[in-house]
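Proteins come first, then strands; the chains are lettered A, B, ... in the order of their sequence lines, and each starts at number 1. For the numbers below, each heavy atom of this structure counts, side chains included, while hydrogens, waters and symmetry mates do not.
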Number of protein chains: 2
Amino acid sequence: MTQAAELTPAARKILDAAAELFYGRGITAVGVDLIAKEAGVTKKTLYDRFGSKEALVAAYLGERDERWREWLTARVLSGDAGAGPCERILRTFDALEEWVRRENPRGCGFVNAAAELPDPRHPGRKVITGQKRWLRDFLRELAVEAGAADPGRLADELVLLHEGATVLGGLHVVAGPVAAARSMARGALVREGCQGGAGAQAQ
Amino acid sequence: MTQAAELTPAARKILDAAAELFYGRGITAVGVDLIAKEAGVTKKTLYDRFGSKEALVAAYLGERDERWREWLTARVLSGDAGAGPCERILRTFDALEEWVRRENPRGCGFVNAAAELPDPRHPGRKVITGQKRWLRDFLRELAVEAGAADPGRLADELVLLHEGATVLGGLHVVAGPVAAARSMARGALVREGCQGGAGAQAQ
DNA sequence: AATGAGGTAGACCGATCTGTTTACCTCTCC
DNA sequence: GGAGAGGTAAACAGATCGGTCTACCTCATT
């Protein structure tokens with residue numbers, strides 16, 4: 001847990017309302033008055049707790065980022081250490097599948113936010129690039145453990161598949177984008193010398 | 001050409017200004033007053049020509065869609081009919097590479113627009129889904145010509161790679177996303193029984 | 001010479017935007 | 001029992017939002 005516990009009850013309600021509205025309707029289109037009203041809170045309280053809409057946006061993205069990281073690591077590194085590293089890589093797509101289904105009906109929240117925050121100085125931008133970089137590093141580490149011939153390249157490809165599947169999941173033009181991404185990932189793993197099941201890893 | 005020629009000079013300037021502003025700063029964040037000012041035109045003229053901001057957004061997306069289709073088909077089906085169908089599929093990534101470099105510094109314009117248009121009744125939504133569906137159909141047709149074992153599946157995978165590369169191109173966290181997508185596409189082509197060069201196609 | 005299309009200039013409308021302020025209430029902790 | 005933190009309620013500010021309107025100009029076509 002991060003500073004979530006440090007949030008005041010009112011701040012908690014504000015952040016929950018903001019998360020739903022920002023993701024569901026867009027950041028620019030949602031005003032602070034609406035957020036305060038949905039949260040059952042005064043606008044003054046909102047500004048006392050978060051200082052500005054910019055900061056509230058950054059807090060929304062930060063918490064979403066945190067939840068995604070916890071979700072992914074829990075599903076991938078969970079319990080059974082017996083699972084091979086290649087299997088762990090494939091599991092990131094299983095984790096993504098469920099995440100997209102339950103949290104991403106409108107596509108990637110970070111990509112969507114990036115579309116609305118062109119100003120590079122916006123505090124939310126750091127969160128967005130941090131989220132993407134973290135995913136790439138996480139996948140690269142898994143690729144190294146899997147004994148990939150070129151872990152950097154494999155990580156880039158896996159990020160590409162993750163991103164494409166997440167975005168396409170919100171567009172409803174391709175049937176099962178995450179499954180397609182997973183099967184392509186398997187192909188890349190084979191090429192890199194990892195056959196899937198247990199064992200077969202260097203190190 | 002479509003109705004582009006039918007546009008009055010002022011309408012042309014409005015659409016150009018709108019395209020740059022909508023893509024560069026976001027749709028919701030850009031007001032009609034700013035568009036009119038940038039176009040060197042009166043707000044009344046804007047409303048006389050386009051009727052509403054909604055319609056102007058749809059026109060912006062429609063023209064962007066048209067330009068992308070022309071760009072892609074021209075680069076893929078250009079001149080030398082001697083090129084094999086598998087090569088044509090790979091060429092879609094070459095076309096994308098240049099398109100992303102010169103037109104997509106901030107990611108896919110359609111994905112970005114979708115993020116800002118949650119209302120399914122917005123006229124721009126039809127353009128967005130139409131663009132994605134067209135790309136999938138186009139790639140599927142190429143896959144059929146290439147004698148792919150499963151053209152539908154291949155098309156889904158190719159769309160996934162296109163989308164992922166386009167989006168990642170605007171995030172600057174992975175070095176050469178389109179090149180990575182292209183190399184993965186080659187892998188998928190090999191799996192589908194198409195070896196690249198000329199010949200080797202069924203039919 | 002008249003007409004209508006395509007413009008400019010600019011005021012105006014009501015609503016909404018982010019953000020601030022004053023006044024008052026209710027706890028908890030020291 | 002005083003202080004401070006965390007609130008509510010509501011008015012206020014100035015800017016901007018999408019959109020309308022009147023008045024006038026210019027030009028090509030008939």
Side-chain angles (χ1 to χ4, degrees), chain A residues 3-61 113 115-119 121-125, chain B residues 3-61 113 115-119 121-125:
Chain A
Q3 72 263 31
E6 303 169 17
L7 287 180
T8 332
R12 180 71 270 152
K13 290 191 292 181
I14 291 167
L15 198 45
D16 287 344
E20 188 179 335
L21 290 168
F22 283 154
Y23 180 73
R25 306 195 198 178
I27 291 170
T28 315
V30 168
V32 288
D33 294 85
L34 178 61
I35 295 171
K37 188 183 154 203
E38 280 313 287
V41 141
T42 306
K43 205 160 46 152
K44 179 175 181 302
T45 303
L46 189 154
Y47 276 94
D48 282 348
R49 294 297 133 249
F50 294 95
S52 68
K53 187 187 176 181
E54 256 195 2
L56 179 57
V57 169
Y60 147 62
L61 291 171
E116 296 204 73
L117 308 178
D119 184 355
R121 292 163 306 184
H122 193 290
R125 289 291 296 268
Chain B
Q3 72 265 33
E6 303 168 18
L7 288 178
T8 48
R12 181 71 270 152
K13 290 192 293 184
I14 291 167
L15 198 46
D16 288 343
E20 187 178 335
L21 289 168
F22 282 154
Y23 180 74
R25 306 194 198 178
I27 291 171
T28 314
V30 168
V32 286
D33 294 86
L34 178 61
I35 295 171
K37 187 182 155 203
E38 281 312 287
V41 142
T42 307
K43 204 162 46 153
K44 179 175 182 301
T45 302
L46 189 154
Y47 277 93
D48 282 347
R49 295 298 133 247
F50 294 95
S52 68
K53 186 187 177 182
E54 257 194 3
L56 180 57
V57 168
Y60 147 63
L61 291 171
E116 296 204 72
L117 307 179
D119 183 356
R121 293 162 306 183
H122 193 291
R125 288 291 297 269

Acceptor/donor pairs from residues 14-24 of chain A side chains to any protein atom, 3.5 angstrom cut, sequence neighbours excluded:
residue : atom : partner : partner atom : Å
D16(A)  : OD1  : R12(A)  : NE           : 3.4
D16(A)  : OD1  : R12(A)  : NH2          : 3.0
Y23(A)  : OH   : R106(A) : N            : 2.8
Y23(A)  : OH   : G107(A) : N            : 3.1
Y23(A)  : OH   : G107(A) : O            : 2.6

When you compare the side chain of E116(A) with that of V57(A), does any pair of heavy atoms fall below 4.5 Å?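 Side-chain contact under 4.5 Å: no.
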Closest heavy-atom pair and its distance - [X], [Y]:
{"X": "F50(B)", "Y": "A55(B)", "result": "O-CB, 3.2 Å"}
{"X": "A58(A)", "Y": "P123(A)", "result": "CB-CB, 4.0 Å"}
{"X": "A113(B)", "Y": "I27(B)", "result": "CB-CD1, 3.8 Å"}
{"X": "T45(A)", "Y": "A10(A)", "result": "CG2-CB, 3.8 Å"}
{"X": "T28(B)", "Y": "K53(B)", "result": "O-NZ, 3.9 Å"}

Contacts to DNA chain C from residues 26-41 of chain B, heavy-atom cutoff under 4.0 Å, which residues?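 By residue number: G40(B), V41(B).
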Check the distance between dT16(C)'s C1' and L21(A)'s CG and give it to me in whole angstrom.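 Computing the L21(A):CG to dT16(C):C1' distance gives 16 Å.
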Could you state the atom-to-atom distance from CD of E6(B) to P of dA5(C) in whole Å?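 Interatomic distance, CD of E6(B) to P of dA5(C): 16 Å.
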Which parts of residues 42-57 of chain B get close to DNA chain D, meaning a heavy atom less than 4.0 angstrom away?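 DNA chain D contact set from residues 42-57 of chain B: K43(B), K44(B), Y47(B), S52(B), K53(B).
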For R25(A), does the CZ atom sit with more than 12 other heavy atoms under 6.0 Å from it, leaving out its own atoms?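 Check fails, neighbour count at 12 or below.
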Atom pairs and distances, donor-acceptor, side-chain atoms in residues 31-44 of chain B, under 3.5 Å, two or more places apart:
residue : atom : partner : partner atom : Å
D33(B)  : OD2  : K43(B)  : NZ           : 3.2
K44(B)  : NZ   : D48(B)  : OD2          : 2.7

Rounded to the nearest 0.5 Å, what's the gap from CD on E54(B) to CG on D119(B)? Could you check?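 E54(B) CD to D119(B) CG: 7.5 Å, rounded to 0.5 Å.
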Would you give the length of the straight line joining atom CG of L61(A) to atom NE2 of H122(A), rounded to the nearest 0.5 angstrom?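 One gets 8.0 Å once the value is rounded to the nearest 0.5 Å.
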Could you run down nucleotides 24-30 of chain C 5' to 3' and tag each one B, S or - for protein heavy-atom contact under 4.0 Å? -------
Distance under 4.0 Å to a non-hydrogen atom of chain A counts as contact; along DNA chain D, which nucleotides mark the start and end?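 Contact span on the strand: dG6(D) to dA9(D).
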